[in-house]
A.B. asks: 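What follows is a structure written as C-alpha cells; I'll ask about it next.
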Amino acid sequence: MSALKVEDIELDMLLEAIYRYRGDDFRSFDRLVLMEKLNALMKQNSIKTYSALQGSILHDNAQWDALLRSFLLCPSPLFGEPQRLQFLRSQLSPWLRSHSHTRIWMADCSSIEEIYTLVILLQEEQVYEKAAIYITCSNDALLQEMADTGFSVGKFAEYEKNYFSSGGHGKLANYFQEKDGNLILTDHLQKNIIWSQFSLITDTSFNEFELISCRRALLNFGVALRHRALRLFAASLTPFGLLDADLASHYSSKINTAWHYQAISDEYGLYRYHP
C-alpha cells in the first residue's frame, strides 16, 4: 500500500474523529487546503502523521484549539484590499440606500477586522442606521471570542493607513473604544449587529438579505459544499441582492448561470442575484 494511500486513510479518520468527538464537520472541505493547514500545524508541533495529530487533538484541548483556529480563522487587516473596498463603496451605497431597511449577512466570518471593515463602511455610506447585520460562524466559541476581543491597539497605525487608502473619510479612532489593550467598536456601532452560530454545511436559509458577504470560507470548501453554499445564498438573497464572495478565478465565471448570479466584478468578487 502506497504512503499516499495511508495518508488519505489517516486524514479520513482524523476528520471523522473530529466530527464524532468535537462536532465540527470538515469532511467536505477541500482536501488540498486541509492538508496544507494540517501540515503547517504538524510541522510547528513536531508531529509526523495525521494519526498522531488525531490522538493529540482528542486529548489536548490546546492542540484542538490551534487546529480549529487554523481551519476557521483567516487573519486579515482592517481595510485590507483598498481598491476592492473603494469599488465596494460605489456599488453598495446606491443599492442599500434604495431600501428603507436592509438585512446583511456576513457568513462564516474568519476575522474580526473583516467585520469591522464592513460596519465602518456602512456607517460612512450612511446606511448603518437602517441595517441589521447578522454575523455567523460555525463554531460558537470562536464567534464569541470575535465579538468580545477586537484587535490589538498596536495594529492601529497600520490599519489607519489602509483606511484612508480605501476611501475612508472620517477619523478612524472615533469608531473604536479600548478594552484590555484591544480596540472594539463603539457601543453605537455594535447595536445593529446580531451574532449567531450557523453552519453552511447543515443549516438552511433563515432570512432574506439585500447583501451577503462570504469573503474567505468558499475557498476552503470542496466542490459539493461550495455548490451548497451558493444555492443557500441564492435562496437567501432578495431579487437583485448582492453577493460579496471571494471565489477562485477559475471558478467565479461558472456561478453566473448555475445559480442566477450576474457578475458585477469577477476581479473583486461581487455578484448580483437575478432570480
A.B. asks: Does a donor on one side chain and an acceptor on the other come within less than 3.5 Å for Tyr50 and Asp12?
C.D. replies: no
A.B. asks: Would you check if there is a donor-acceptor pair between the side chains of Asn162 and Glu81 at a distance under 3.5 Å?
C.D. replies: no
A.B. asks: If you measure only the distance, is there a donor-acceptor pair under 3.5 Å linking the side chains of His59 and Gln54?
C.D. replies: no
A.B. asks: So, for Tyr261 and His274, is the gap between ring centers shorter than 6.0 Å?
C.D. replies: no
A.B. asks: I'd like to know whether CD of Gln83 has more than 12 heavy-atom contacts from other residues, nucleotides or ligands below 6.0 angstrom.
C.D. replies: no
A.B. asks: When rounded to the nearest 0.5 angstrom, what is the spacing between CD in Glu210 and OG in Ser98?
C.D. replies: 8.0 Å
A.B. asks: Any side-chain donor-acceptor pair under 3.5 Å between Ser213 and Trp105?
C.D. replies: no
A.B. asks: Is there a donor-acceptor contact under 3.5 Å linking the side chains of Ser51 and Glu10?
C.D. replies: yes
A.B. asks: Nearest 0.5 Å, please: how far is CZ in Arg215 from CG in Leu219?
C.D. replies: 8.5 Å
A.B. asks: Taking the inter-plane angle between the rings of Phe206 and Phe198 on a 0 to 90° scale, is it parallel (under 30°), tilted (30 to 60°) or perpendicular (over 60°)?
C.D. replies: tilted
A.B. asks: Would you check if there is a donor-acceptor pair between the side chains of Asn182 and Glu178 at a distance under 3.5 Å?
C.D. replies: no
A.B. asks: Test salt bridge (charged side-chain N to carboxylate O under 4.0 Å, His left out) on Glu124 and Arg89 and set out the steps.
C.D. replies: CA-CA 9 Å; Glu124 294 200 339; Arg89 285 178 185 268; 3.1 Å; yes
A.B. asks: Under a 4.5 Å side-chain heavy-atom rule over Ile, Leu, Val, Met, Phe, Trp and Tyr, are Ile112 and Leu78 clustered together?
C.D. replies: yes
A.B. asks: Membership question, hydrophobic clusters at under 4.5 Å side-chain separation (ILVMFWY): are Leu211 and Ile194 in the same one?
C.D. replies: no
A.B. asks: Compute whether any side-chain donor of one residue and acceptor of the other, for Tyr268 and Gln86, lie under 3.5 angstrom apart.
C.D. replies: no
A.B. asks: Are any of the side-chain heavy atoms of Leu122 and Leu96 separated by less than 4.5 Å?
C.D. replies: yes
A.B. asks: Identify whether Phe209 and Ile264 are in the same connected component of the hydrophobic contact network (ILVMFWY, side-chain heavy atoms under 4.5 Å).
C.D. replies: no
A.B. asks: What is the ring orientation for Phe176 with Tyr116, classed by angle as parallel under 30°, tilted 30 to 60°, or perpendicular over 60°?
C.D. replies: tilted
A.B. asks: Are Phe151 and Phe156 close enough that their ring centers fall under 6.0 Å?
C.D. replies: no
A.B. asks: Salt-bridged, Glu125 to Arg97, with N to O below 4.0 Å?
C.D. replies: yes
A.B. asks: Go through the side-chain N and O atoms of Glu113 and Ser76 and say whether any donor and acceptor fall under 3.5 Å apart.
C.D. replies: no
A.B. asks: Kindly state whether the ring of Phe29 and the ring of Phe221 have centres lying under 6.0 angstrom apart.
C.D. replies: yes
A.B. asks: Cationic tip of Arg27 within the cone over Tyr19's six-membered ring, i.e. under 6.0 Å and within 45° of the normal?
C.D. replies: yes
A.B. asks: Distance only, no hydrogens: is a donor on one side chain within 3.5 Å (strictly under) of an acceptor on the other, for Tyr271 and Asp244?
C.D. replies: no
A.B. asks: Heavy-atom count check: over 12 atoms from other residues, nucleotides or ligands less than 6.0 Å from Lys161 NZ?
C.D. replies: no
A.B. asks: Are there over 12 heavy-atom neighbours, none belonging to Lys191, within less than 6.0 Å of that residue's NZ?
C.D. replies: yes
A.B. asks: Can you measure from CZ (Phe233) to CD1 (Ile212) and round to the nearest 0.5 angstrom?
C.D. replies: 6.0 Å
A.B. asks: Does the ring of Trp64 carry Arg69 above it, NZ/CZ under 6.0 angstrom from centre and within 45° of its axis?
C.D. replies: no
A.B. asks: Please step through side-chain hydrogen bond (donor to acceptor under 3.5 Å, both in side chains) for the pair His188 and Glu129, ending with a clear verdict.
C.D. replies: CA-CA 10 Å; His188 174 73; Glu129 296 298 335; 2.7 Å; yes
A.B. asks: Consider only side-chain heavy atoms of I, L, V, M, F, W and Y, link residues closer than 4.5 Å, and tell whether Ile135 and Leu218 are in one cluster.
C.D. replies: no
A.B. asks: Do Arg84 and Glu267 have side-chain heavy atoms sitting under 4.5 Å apart?
C.D. replies: no
A.B. asks: Quick check: do Ser138 and Gln197 have side-chain heavy atoms less than 4.5 Å from each other?
C.D. replies: no
